[in-house]
Amino acid sequence: MEGLERIVKEHPFFAGMKDEYTNLIAGCAKNVRFEAGQFVFHEGEPADQFYLLRSGRVALQISAPERVLTIQTVGESEIVGASWLVPPYRWGMDAKALELTRAISMDAACLRGKCEDDHSLGYELMKRFMPILIQRLQASRLQILDVYGAHS
Amino acid sequence: MALTAETPRIVADPMVPRVGRIRKRVRELSDVWTLTVEMDEPFAFAPGQFNMLTAFGVGEAAISISGDPARPGEGLIHTIRDVGPVSHALSHLEPGDYIGVRGPYGAGWPVEVAEHCDVVILAGGLGLAPLRPLIYEVLSGRKKYGKVALLFGARTPTDLLFRPELEQWRRRLDVDIHVTVDTSTEDWYGNVGVVTTLVPRAAFDPQHTIAYVCGPEIMMRFGAAALRDKGVPDEAMYLSMERNMKCGIGLCGHCQIGTVFVCRDGPVFRNDKLRPLMSVKEL
């Protein structure tokens with residue numbers, strides 16, 4: 001557990017967070033690895049985890065008839081998964097490891113429970129999630145604009 | 001009146017094109033071509049400058065120079081996207097065909113300000129073409145700079161410009177190269193996401209960095225914002241603007257934005273000067 005606490009504390013996502021909180025969070029954490037091509041999760045499944053990537057890369061994908069579209073890739077020091085934050089807690093897309101990927105998996109129910117017990121912890125987590133969600137929203141808007149299209 | 005040795009001559013009327021011949025034409029992408037033009041006289045230019053190219057009988061268009069300024073023997077190189085009648089005619093000129101060239105015009109990339117600093121080159125789509133002369137210059141004088149990062153985004157993997165050169169630059173151990181595409185299918189194993197997502201991933205010291213940005217205007221606005229979020233001041237960012245240029249020498253006003261003429265005062269502007277103009281939607 002001491003190793004996991006250190007890994008959680010040193011992950012950029014938790015930079016600056018009090019030891020008291022990272023120790024609490026580490027109680028919901030476990031080490032996981034995904035081989036290249038292995039799915040981290042599938043669209044529609046319960047969003048019962050989120051992942052702090054330590055190494056490797058993960059593609060966020062949406063399956064369409066006869067093709068799979070990659071919307072975004074995320075890599076080392078980034079996070080995968082936000083659907084665990086809001087009901088109905090189901091993944092909105094697929095996530096697939098593009099290469100050997102090591103991550104910390106966070107038990108969502110465990111973490112939500114701790115945030116309910118201590119709203120300050122919840123606020124600390126939200127302060128870290130919101131900028132990422134906003135950046136991804138902005139990035140999605142930019143994608144929709146199709147800035148490299150013929151009319152750009 | 002007979003022309004005598006004493007008769008004053010207009011030696012270089014800036015509105016009269018010099019005539020060159022197409023030496024080589026290379027297809028880069030489905031709608032993008034690189035032309036190598038043979039000129040009778042040496043043609044010096046600075047990275048980031050452009051020429052007005054004439055397809056005789058069709059018209060004239062402003063096209064950035066995409067070749068290496070240190071290798072004039074290679075010919076005058078332009079990379080052109082086939083989007084309108086003039087660019088279509090230009091991009092379909094064959095070796096041996098004549099082409100009109102006026103220039104070089106405009107203020108290019110200020111390379112010297114980046115000495116002893118980290119360098120970030122942020123390119124989107126065809127924006128890599130005007131940045132390529134800068135990349136050549138930075139790489140040829142690599143020791144003068146700190147970390148060098150090239151962040152390049154395109155629409156899809158098949159829209160990645162200069163792919164062989166990107167792979168060549170990536171093999172160097174002294175340049176940090178990140179490439180991404182806006183969207184992709186499963187057969188692409190590289191990054192997917194807009195080019196701005198590459199900024200946090202690149203290693204550079206924001207307070208001692210000079211950034212050069214070129215691409216569609218919206219991409220440059222968001223790109224500059226991402227650099228600013230990381231701590232790069234507007235005074236250390238240079239953006240290359242594209243406007244409908246006609247005369248190329250600051251006379252006609254077609255490319256005017258507020259008080260500046262893109263052809264004469266730009267196309268490269270420092271962002272603290274440009275940002276107030278870009279934020280006015282009427283301009």
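Every chain is numbered from 1, with letters handed out A, B, ... down the list of sequences. None of the values given here were measured: they were computed from a predicted structure.
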TODO: Name, in order of residue number, those residues of residues 102-129 of chain A that have a heavy atom at a distance of less than 4.5 Å from a heavy atom in chain B; otherwise write 'none'.
DONE: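 Those residues of residues 102-129 of chain A which would need a heavy atom under 4.5 Å from chain B do not exist here.
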Open item on the list: Around atom NE2 of B:H208, are there more than 12 heavy atoms from other residues, nucleotides or ligands closer than 6.0 Å?
Closed with: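 No, not enclosed.
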TODO: Might you confirm whether atom CD of B:E242 has over 12 heavy atoms from other residues, nucleotides or ligands at distances under 6.0 Å?
DONE: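 12 or below, so no.
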Open item on the list: Return the OH to CD1 distance between A:Y148 and B:I218, rounded to the nearest 0.5 Å.
Closed with: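 Output value for this atom pair is 11.0 Å.
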Open item on the list: Between A:Q138 and chain B, with a heavy-atom cut-off of 4.5 Å, which part of the residue counts as in contact: side chain, backbone, both or neither?
Closed with: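 The answer is the side chain of A:Q138.
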- [ ] Let me know if A:Q135 has heavy atoms under 4.5 Å from chain B in its side chain, its backbone, both or neither.
- [x]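 Neither part.
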Task: Options A:Q72, A:E99, A:R67, A:K96, ranked by heavy-atom pairs under 4.5 Å with chain B, top entry - done: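 Of the options given, most contacts go to A:Q72.
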Task: Contacting region of B:A154 [heavy-atom separation from chain A under 4.5 Å] - done: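 Answer is backbone: N, CA, C or O of B:A154 sit under 4.5 Å from chain A.
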Task: Residue of the set A:V147, A:L145, A:L142 for which side-chain contact (heavy atoms from CB on, under 4.5 Å) holds with B:V194 - done: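 Only one option passes, and that is A:L142.
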Open item on the list: Do the side chains of A:E76 and B:R201 get close enough for a salt bridge, i.e. N-O under 4.0 angstrom?
Closed with: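 The answer is no: the pair does not qualify as a salt bridge.
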- [ ] Give me the contact list for residues 181-193 of chain B versus chain A, heavy atoms only, anything under 4.5 Å, ordered by residue number.
- [x]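 Result: B:D182, B:T183, B:S184, B:T185, B:E186, B:Y189, B:G190, B:N191, B:V192, B:G193.
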